[in-house]
Amino acid sequence: MQTRPVERRIRVAAVLILVGLVIEAVTLNVLHPISFLVFAGAGVLFLGAGIVVFLLALLREGEVSHGESGA
Amino acid sequence: MSFELGSLIAVAAVLLVLLIVRPTVTRDRGGRILAFIGLLVLPSLALAVGFGAHVEQSKRTEFCLSCHIMEPYGKSLKIDDSEYVPASHVQNNRVNRDEACFTCHTTYALYGDAKAKIGGLRHIAINYFGTKPDTIKLYEPYNNRECLHCHNGARSFESNDAHAETDTTMAAIKANRMSCLASGCHDLVHDVHNVDKLELWKGGH
């Protein structure tokens, strides 16, 4: 089954969030200031980026559907 | 990491793997709801709870002492002499041993905890990118408020003859005009320059 553009974006978002969660899980098991910085920097960045990519995918999908129904 | 947070991350990870392997599940309504939960709800929750867990972990004694520069301060908690304030507090469980540093080195004012945490970030920056001082000093004199948080109202404190030496002594202590730690009374603190010459208590963990 061919994947649609929105599904590709969802896949990218899922990968980003998964990386963020892995960083979070690892850093929570290391008791050191650097692990907090890695979480606050990289972990939050990946999680945030994944959520944003997902929301943008929803927006884009909404615009495409609206464009098709308008035409 | 707590069981609840671990479970949250695990459930989110399972949903994410499903969405990576089969993004076409989002073609129907149920799949879209799953995507919403897996890509927004659970990650947001994991982020918030994870951040809180990190902040709580940063209060632990083990966390503070994980930097090499803090080694002598950790040692000072084991000094075998009850005149040393931090050592006697930790060894006699007057403060929680797991949060010994944070208990005394935060302020009990409204933004105390947040200020202490932000200060900690500055310490990390200096430790890795700045010049470490030979002697680590407090940013401002230790406020009696931190001592009085526990000792105020305690019989041993209120009834102590030295605290009632004059009519104004107690009032001066409570108003932070006479320092608990710098008036010649309880001024043996970490003493890191001499800690290697002192006897250490072998007990505790």
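All of these numbers come straight from a predicted model, not from anything done at the bench.
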Discussion item. Which one wins on heavy-atom pair count under 4.5 Å against chain A: B:Ala53, B:Cys64, B:Pro43?
Written reply: B:Pro43
Practice prompt. Sort out for me which of A:Leu21, A:Val12, A:Leu28, A:Val6 touches chain B most, counting heavy-atom pairs under 4.5 Å.
Written response: A:Leu28
Discussion item. Quick one: does any side-chain atom of B:Glu62 pair with a main-chain N or O of A:Leu31 as donor and acceptor, under 3.5 Å?
Written reply: no
Practice prompt. Tell me, for B:Tyr128 versus chain A, whether the close heavy atoms (under 4.5 Å) come from the side chain, the backbone, both or neither.
Written response: side chain
Fill in: Side chain / backbone / both / neither for B:Arg32 at chain A, heavy atoms under 4.5 Å
neither
Fill in: Aromatic ring pairing A:Phe39/B:His54, orientation class (parallel under 30°, perpendicular over 60°, tilted between)
parallel
Discussion item. Show the nearest heavy-atom pair for residues A:Glu7 and B:Thr24, with the distance to one decimal.
Written reply: OE1-CG2, 3.5 Å
Practice prompt. Against chain B, label A:Leu16 side chain, backbone, both or neither, depending on which of its atoms sit under 4.5 Å from a heavy atom there.
Written response: neither
Worksheet entry | Max heavy-atom pair count under 4.5 Å with chain B, selected residue of A:Leu37, A:Ile17, A:Val15 | A:Ile17
Worksheet item: Who among B:Ala46, B:Gly6, B:Pro23 has the most heavy-atom pairs with chain A under 4.5 Å?
Response: B:Pro23
Practice prompt. Indicate yes or no: at least one non-hydrogen side-chain atom of B:Phe63 is less than 4.5 angstrom from one of A:Pro33.
Written response: yes
Worksheet item: Which residues from residues 184-196 of chain B are near chain A, with near meaning under 4.5 Å between non-hydrogen atoms?
Response: none
Item to complete: Between chain A and each of B:Val21, B:Leu42, B:Leu39, B:Leu47, count heavy-atom pairs under 4.5 Å; write down the option with the most.
Response: B:Leu39
Discussion item. As an exercise: rank B:Leu5, B:Leu19, B:Ile9 by heavy-atom pairs under 4.5 Å with chain A and give me the winner.
Written reply: B:Ile9
Fill in: Positions in residues 50-58 of chain A that reach chain B, provided some heavy atom is under 4.5 Å away
A:Ile51, A:Phe54, A:Leu55
Practice prompt. Report the residues that fulfil ring-ring contact (aromatic ring centres under 6.0 Å, His included) with B:Phe157, sequence neighbours left out, ordered by chain and then residue number.
Written response: B:His163
Worksheet item: Is any residue of residues 41-48 of chain A within less than 4.5 Å of chain B by heavy atoms, and which ones?
Response: A:Val44, A:Leu47
Worksheet entry | Contacting region of A:Arg4 [heavy-atom separation from chain B under 4.5 Å] | both
Worksheet item: Taking the side chain as C-beta and beyond, is there a heavy-atom pair between B:Met1 and A:Glu24 under 4.5 Å?
Response: no
